[in-house]
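Worksheet: one structure, shown below.
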4 protein chains.
Amino acid sequence: MPKLGMEPIRRAALVEAAIAEIGAAGTLDVTVSRIARRAGVSSGLAHHYFGSKEQIFLASMRHIQTLFGRRVREELRSADTPRDRLNAIIAASFDPDEFAPEIVSAWLIFYVQAQNSPEARRLLHVYTTRLHSNLVFNLKSLTNDANAHVIASALGALIDGLYIRQALGENRLDRYQTMGLVWDYLDIKLSQGGER
Amino acid sequence: MPKLGMEPIRRAALVEAAIAEIGAAGTLDVTVSRIARRAGVSSGLAHHYFGSKEQIFLASMRHIQTLFGRRVREELRSADTPRDRLNAIIAASFDPDEFAPEIVSAWLIFYVQAQNSPEARRLLHVYTTRLHSNLVFNLKSLTNDANAHVIASALGALIDGLYIRQALGENRLDRYQTMGLVWDYLDIKLSQGGER
Amino acid sequence: MPKLGMEPIRRAALVEAAIAEIGAAGTLDVTVSRIARRAGVSSGLAHHYFGSKEQIFLASMRHIQTLFGRRVREELRSADTPRDRLNAIIAASFDPDEFAPEIVSAWLIFYVQAQNSPEARRLLHVYTTRLHSNLVFNLKSLTNDANAHVIASALGALIDGLYIRQALGENRLDRYQTMGLVWDYLDIKLSQGGER
Amino acid sequence: MPKLGMEPIRRAALVEAAIAEIGAAGTLDVTVSRIARRAGVSSGLAHHYFGSKEQIFLASMRHIQTLFGRRVREELRSADTPRDRLNAIIAASFDPDEFAPEIVSAWLIFYVQAQNSPEARRLLHVYTTRLHSNLVFNLKSLTNDANAHVIASALGALIDGLYIRQALGENRLDRYQTMGLVWDYLDIKLSQGGER
DNA sequence: AATGAATGAGTTTTCATTCAT
DNA sequence: GATGAATGAAAACTCATTCAT
C-alpha cells in the first residue's frame, strides 16, 4: 500500500484525528495509538512523522490557529469600513464553529499547556498578538494610538472571557447579546473622544 | 505511632501537597506518590483517606475555591459603599496572591476539568454564580435590575479574560492599569443611566 | 504477601537473576521482564528498586567485583610469604569459578560498557587499580619500587589477556600451564635484579 | 538513477558506515536506518543487499579483520630478520590507528559476539591463529619448536591484554613503554636458551 | 492508623523488516 | 536498482491501586 507523497496526507489525517480525540476526551490524556487508529494508520507511523506525542499536539494547535485565522479573514472580506472590520473580527471569535466541543477543548488545554511548553506559549502569543494588531490597526482610524491599544487590550480580554464562559455554559447571555456586549463597549469607548 | 484525630490533619496536608504539586507541574499529571511524599505520608495512606486520585483533586479544587471566597470576604470587610464593595470584589480577583503559579494552574486546570467532571463543573458554577450575585447585589443600589445583570455578566467575563492574560503574560497592562480598565468600564456603564 | 524488609532480598535476587540472564544470553540484550521473572517478581518491582535497566546491570557488575574480591582474599588467607601471596593473587584470577559462562559474559560486556558508561569505567578502574596495588604491595618486598610497578602492569595485562583467551577457548594451554606462564614471568623478572 | 555495478560500492559504503556507527555508539545497538543514512542510501537498500542487520555486522567484522591483516603485512614489508619481523608484528598491534574508537569498539564487541555467534567466533579464531602462526614461524628460527609455541601463546595474550588496557585508559605505560614490555619479554625468553 | 511491598495494565517509543511503486 | 511508506511487535518505564503486616 505504500505510495509516494503520503507524508502531508498522513500528517493532516493525524492532526485531525488528534483534535477529534482530544475533543472527545476533553483532555490531553489520549494515547497516540487511539489517534493513529482514528487516522487509519499505525502508532509507529505517527511517531515516524511527528517524533513524539507532544509534537502531534503542537501541530494540532497550529492547525486550529490556522483555521481561526482563516475564519477571521473570511469575515473581513465582506467588511468595508474600519468599524465593520472591528465587528467582523469580534464576530469571528463568536462564530458557532468556534464552539464545537473539540475546538473548545483545544483552547482550554492550550491555556494549560502554555504554562510550561514554550512552543505552546509562543503559539498563544501569536494568537493574542495577531488579534491585538488586527484590532489596533482598525481602531487607529477611529481614535488616537494610545487609546487604540488600551481598547484593543480590553476587547481581547473581554472576548476571551466571554468565549470561555460561553463555551462552559456559564454565560447568561445568548450569542447575539454577547456580541452586543462587545459592540456596546466599543461604541462607548469610541464615542468618548480621543479623536485622531 | 498513629494517633487519634489525625484524619483532618492528614487530609489537609494532602490537599495542600496536591495543590503544590499541581502548581509545580502545571498539570494534573502528578503522581499520588509525589503528593503523598510531599505531605509526609505514604501513598497508601492517601488512598486510605481519599479512595482515589480523582477525589484528591476534587478536594483540592474545593480548597482553592474556599481560599478565593475567603479572599473576597476579606477585601469586602473594609468596603462601606456599594461602589467600594464592587471595587473590592474586582480587587480580590487581581490580588497578587491570585497569581501564584499553583493558583494559576489550578484555575486553568479547573476550566479543562469543568468540561467533563460534573463536580468540577459544579464548583466552577458556584464560583461564577457567587461572583455574579456579589456584583449584582451591589449594582442594584446603583442601577436598575436588568442593567445590573448585564453589567455583572460583562464584568465577570472581563475579569476572567484579564486574569488569564495576566497569568500567562499576555497582558500588555500592569496590575493597576488592568484594574483601571475594569473600574473604567463600571464608571461608564453606571453613568449611562438606567437609574433605579 | 508483602512483608517488611524485603528490599535487600529482592535486590539480591534481581542481581543474581540479571547475571544469570545476561550469562545465558551472552549479551546485555535481555529484558527487564525476563530478569524480574527469573527473580520471581514483577518487572515493575525491578524498576521500583533499581530505577532503570542500566542500574540493574551496574549492580550486577558490582556484585561480580565483590565476589572476585572475596575470592582473592580467600586465596590470600593461606599464603605467608610475599611470593606466595603473588601466586595466590594470580591463582584467584584463574579459579575455575571465574570461568563460569555468566562470569565470562559479564566481564566481556563490562569491557564494552566501560567505553561509554562512566560508572562502568569507574568499576573497571577499581578492579585494575586494586589488582595493581595488590601486586605492587607484595612485589615491593622483592624488588625496587619502579620495578614493582612495571612488573605489576605486565602481570595485570598478562592475566587479563590469558583470561579472555581461556574464556573464549582461544588458549592453547591448560589451566596449570597458563598459571605456569605467569609464574615463570614473575620468576624471571624477580631474578633479573633490581634489588631493594 | 540506479546504475549498474553499484552493488560492491554500496556494500562497501554500508560496511564502512556500520563500523563508523558502531564506533560512535560503542555498541552493536545501532539502527539499520542510521547506518543506511550515513552510507547515503535507504534502509530498504541495506536490507536488499545484506538481508538482515546481523549480516551487516558480520560483514563489518570481516572488514575489520581484513584491515588488521593488511596492517600487519605492511609492517612486515620493511622487516628483514626474524627478530625484526617479530617486532613488526608486535608493533602492528600497537599502531595508533588500532586505537581509533571504532576499532577499539569493534574488538571489544568482537569478544562479546564470539561467545554466541559461530561466525564471530570463527573470525576471532582466524585472528588468534594467524597471529600465533606468524609469531611461531619467526620464533622457530630463534628457539626450539615447543618453546616457540609457548612464547607465542604468552606474547599473544600479553598483546591482547595490553591492548585492552591501553584502549580503555587503564594502562599506566605509554605506547613505547608498552611495546618495550613485550620486547623485553621476548628478549628474556629467547636468551634463556632452548636453542634450535 | 500507617506503611511499603507488590502488581500489572497501560503508554510512549523504537526498529527491523517488508513491499508497492 | 532504489525508495520511503508502513507495520507491529517488543521493550522500558510509570503509576494507581491493593493488601499483608
Side-chain angles (χ1 to χ4, degrees), chain A residues 1-7 9-10 29-36 40-56, chain B residues 1-7 9-10 29-37 40-56, chain C residues 1-7 9-10 29-37 39-56, chain D residues 1-7 9-10 29-37 40-56:
Chain A
M1 299 147 221
K3 290 175 207 150
L4 272 93
M6 290 305 277
E7 176 157 353
I9 295 167
R10 296 308 191 197
D29 285 332
V30 292
T31 70
V32 173
S33 293
R34 282 187 69 87
I35 294 171
V41 300
S42 70
S43 70
L45 197 66
H47 278 97
H48 177 65
Y49 282 129
F50 286 95
S52 78
K53 192 180 168 182
E54 164 136 40
Q55 290 302 318
I56 301 177
Chain B
M1 301 139 213
K3 296 177 205 143
L4 286 151
M6 287 304 277
E7 176 155 354
I9 295 168
R10 296 304 196 198
D29 285 331
V30 293
T31 71
V32 173
S33 294
R34 283 186 69 87
I35 294 171
R37 197 178 317 138
V41 300
S42 70
S43 67
L45 197 63
H47 276 92
H48 178 66
Y49 280 132
F50 286 94
S52 78
K53 191 180 172 180
E54 167 123 41
Q55 291 302 319
I56 301 177
Chain C
M1 301 143 217
K3 290 175 206 150
L4 271 92
M6 289 306 277
E7 177 157 352
I9 296 167
R10 296 309 192 197
D29 286 331
V30 293
T31 70
V32 174
S33 292
R34 282 186 69 87
I35 295 171
R37 196 176 317 136
V41 300
S42 70
S43 68
L45 197 66
H47 278 98
H48 177 64
Y49 282 129
F50 286 94
S52 78
K53 193 180 168 180
E54 165 135 41
Q55 290 303 318
I56 300 177
Chain D
M1 302 143 213
K3 295 178 205 141
L4 285 151
M6 289 301 279
E7 175 154 354
I9 296 168
R10 298 302 197 197
D29 285 332
V30 294
T31 71
V32 174
S33 294
R34 282 185 70 86
I35 294 170
R37 198 179 315 138
V41 300
S42 70
S43 67
L45 196 64
H47 276 91
H48 178 66
Y49 280 132
F50 286 94
S52 78
K53 191 179 171 179
E54 167 123 40
Q55 290 304 319
I56 301 177

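Quantities reported herein were computed from a predicted structural model and do not represent experimental measurements. Here is how names work: the chains are called A, B, and so on, in the same order as the sequence lines, proteins then strands, and each is numbered from 1.
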**Study point:** Closest-nucleotide 5' rank along DNA chain F - winner of D:Val41 and A:Gly40
**Key:** D:Val41
Revision key, fill the gap. Atom CD of A:Glu7 and atom C1' of F:dT3 are separated, to the nearest Å, by 14 Å
Check your understanding: Any idea which heavy atoms bring C:Val32 and C:Ala46 closest together, and the distance?
Key -> CG1-CB, 3.8 Å
Check your understanding: Rounded to the Å, how far apart are C:Ile35 CD1 and F:dA11 P?
Key -> 12 Å
Exercise for review: Whole angstrom is fine here: how far is it from CE in B:Met6 over to C1' in E:dT3?
Suggested key: 14 Å
Study note, to complete from the structure: With sequence neighbours left out, the residues meeting salt bridge (Lys or Arg N to Asp or Glu O under 4.0 Å) with B:Arg37 are none
Revision key, fill the gap. Encoded 5' to 3' (Watson-Crick or G-U under 3.5 Å; [ ] crossing; | other strand), DNA chain F becomes .||||||||||||||||||||
Review point. For the pair made of CZ in B:Arg34 and C1' in F:dC15, what is the distance, rounded to whole Å?
Key: 13 Å
Point to revise | A:Lys53 versus A:His47, closest heavy-atom pair with distance | key: N-NE2, 4.5 Å
Revision key, fill the gap. The salt bridge (Lys or Arg N to Asp or Glu O under 4.0 Å) partners of C:Glu7 (sequence neighbours excluded) come to C:Arg11
Check your understanding: Residues two or more places apart in sequence or in another chain: which of them pass side chain to side chain contact (heavy atoms under 4.5 Å, CB included) with D:Ser42?
Key -> D:Leu45
Point to revise | Heavy-atom pair of closest approach, residues D:Arg10 and D:Tyr49 | key: CB-CE1, 3.4 Å
Point to revise | Among F:dT7, F:dG4, E:dT7, the one nearest A:Ser42 by side-chain distance | key: F:dT7
Exercise for review: If a protein heavy atom is under 4.0 Å from the base, mark B; if only from the sugar-phosphate, S; if neither, -; do that for nucleotides 11-18 of chain E going 5' to 3'.
Suggested key: SBBBSSBB
Practice item. Verify the contact: side-chain N or O of A:Arg10 to OP1 or OP2 of F:dA6, cut-off strictly under 4.0 Å; return yes or no. Key: yes
Review point. Rounded to whole angstroms, how far apart are OH on C:Tyr49 and P on F:dC13?
Key: 18 Å
